[in-house]
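Because only heavy atoms are used, hydrogens play no part in the values below, and waters and symmetry mates are left out as well, while side chains stay in. One-based numbering, in listed order, for ligands and for the atoms of each.
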Amino acid sequence: MDTVDAERRLPERTRERLRDRVTRTGERDDLEVTAPYTGERVGSVPLCTADDVAAAIERARAAGAAWAERPVERRAAILQSVADEMLDDRAGLLDTVQLETGKARFDALEELLDVVLNADYYARKGPDYLAPDERTGGLPLVTTAREYHDPVGVVGLIEPWNYPLTLAISDMLPALLAGNGVVLKPAEATPFTALRAVELLDRAGVPTDLVQVVTGRGETLGEPLIEGIDHLTFTGSTATGRVVAGLAGRQLVDASLELGGKNSAVVLEDADIADAARGIARGAFANAGQLCISFERVFVDQRIYDDFRDALVRATERLDVGASFDFEPDVGSLIADHQLETVQAHVADARERGATVETGGQRREDVGPLCYEPTVLTGLPADADAAREETFGPVLSVTPVAGSEEAIERANDTDYGLHASVWTGDTERGRRVARRIEAGSVSVNDGYLGMWASTDAPMGGVDDSGIGRRHGRQGIEKYTETQTVTTQRGPPLAPVDGVPKRWIGRAAQAGVEALRWWRRHRPGGP
Ligand SMILES: NC(=O)c1ccc[n+]([C@@H]2O[C@H](COP(=O)([O-])OP(=O)(O)OC[C@H]3O[C@@H](n4cnc5c(N)ncnc54)[C@H](O)[C@@H]3O)[C@@H](O)[C@H]2O)c1
């Protein structure tokens, strides 16, 4: 591609309007945004300061108070309008996502559909999750207990560049539905995507001050943000996750952290080899491998290893690397030099340690300055960088194993625990193997899409891959504070004037006996 034609994809008047949507309390320096496809300048946004963050939190809090008073059904209706706006503006949104990330259009479309699914899901299910719950009271027939779900206040979102639409908006929608104000800090590389999406929220009827956007450096904005908010949703690397968790801990701010992964695919001897190869190739090279739930390691039963490896290489070589704003390429560009450097370093280290590059292993400068071929490695030693560290690029290693036991052991031999997959002709067996893999989610006979689209089921990581979950009930409850209100029938549980203590003692003893009898004889057994 000679030029991204930024003026056509994101005209200057749109960029100016989006810049104006950023919260700031004075003139600020510029943060430049470039297009990975060509390295051309896209535009600039303000480098916000701690003062801007404080102002953003104050405005979001003030707007949140009125928003929380609106009936939840009205807030839910606005979420449905958000889904409509996203679908109506899809061409412009996809252009902006591609312009800033350099990803393939299919990958951008997955982002958009994810936002629509989440908006629709929480609009339908959210009001039930937020309704008061009747709980069993402490004293049967005497105490009733009710649990209320209140907004926490202001939710701060710090987001990465790899899925700038999905991660900013899909994680924000349940926070809004729960009645909160929001301050969003998008990644340095992708502010226009976030701003364009937030503009669609405005159009859908979300009060303008409710969602504040601050653009700039994480190192500058992280601390003042975390100091002022009531819940932090952070998605990014494990290293930064540890920093923000420390800041949140000091402030006693609740935090959910979606971090890195080193995800495995396990291919059992009864798998359909062609399906597994196609599915794993998609699951590894989607978004040029810059996907937290993409596979970077495959463990294959040795009985089918040769056939699987050959099928995987064929499936990988069928993927077109490209830089265009249509649906032709399967694999787009990497985001920036630092990603390219990591990919190149991991492949160089693998080569030095004797691994074989079965396919790929080269830049594609003919396509774009940051493009890299989908790469399959074999013979990768277990202590190589590409075997242990998150590459976050299009590099996949394939290793033969003696059977499912060794595959599980190798898959679990990592500090991460985000996602995995199991490929087998027997779904029940696949489920049993999945249950032994230490990861927040496991797909049987699929890459990641079926799992990611299951908005009703929690998604998140264990170990170094994170704390907390998105999606489902857990994905909205984290944005609430619960309050329990109990009510008592009859007189309060307190000594009555004039009643001798020994009588009270006897009554208490009788109560203990009654409890003992009840635990043995209650319906359903002890
Ligand atoms: N688990 C998931 O759901 C998920 C999803 C997408 C990406 N990821 C992970 O994200 C990583 C890639 O994203 P990245 O390179 O943008 O991550 P990153 O950690 O470098 O940056 C993420 C965000 O944190 C901000 N930040 C940086 N330093 C900060 C600080 N000191 N205080 C507060 N904020 C700070 C950045 O500005 C950015 O907005 C990968 O490790 C990937 O696995 C995880």
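Using a 4.5 Å heavy-atom cutoff, the side chains of Val116 and Leu87 are in contact.
At a heavy-atom distance under 4.0 Å, no atom of Thr238 approaches ligand 1. Under 4.0 Å from ligand 1, not a single heavy atom of Arg217 appears. Counting heavy atoms under 4.0 Å from ligand 1, residue Tyr163 does not touch it at all. Only the side chain of Glu188 comes within 4.0 Å of ligand 1, counting heavy atoms alone; its backbone N, CA, C and O stay farther away. Residue-level proximity to ligand 1 for Ile158 is carried by the side chain, the only part with a heavy atom below 4.0 angstrom.
With distances taken over non-hydrogen atoms, the option nearest atom 9 (C) of ligand 1 out of Pro164, Gly236, Gly216 is Gly236. The closest non-hydrogen atom to atom 4 (C) of ligand 1, taken over Pro160, Ala189, Gly466, Cys292, comes from Cys292.
Numbered from 1 in the order shown, with element, the atoms of ligand 1 that lie under 4.0 Å from a heavy atom of Gly222 read 32 (N), 33 (C). Atoms of ligand 1 lying under 4.0 Å from any heavy atom of Leu418, numbered from 1 in the order shown and given with element: 1 (N). Listed by number with element, the atoms of ligand 1 under 4.0 Å from a non-hydrogen atom of Arg470 are 3 (O). Each of the atoms 6 (C), 7 (C) of ligand 1 lies under 4.0 Å from some heavy atom of Asn162. Atom numbering of ligand 1 starts at 1 in the shown order; those under 4.0 Å from a heavy atom of Val244 are 32 (N), 33 (C).
Taking the centre and axis of the six-membered ring of Tyr372, the NZ or CZ atom of Arg364 falls outside the cone set by 45° and 6.0 Å.
Between the Thr215 side chain and the Pro46 main chain, a donor and an acceptor come within less than 3.5 Å of each other.
Salt-bridge formation is not detected for the pair Arg21/Glu199: no Lys NZ or Arg NE/NH1/NH2 atom is positioned less than 4.0 Å from an Asp or Glu carboxylate oxygen.
Remark: Phe192 pairs with no residue by the ring pair (Phe, Tyr, Trp, His ring centres under 6.0 Å) rule, at least two apart or across chains.
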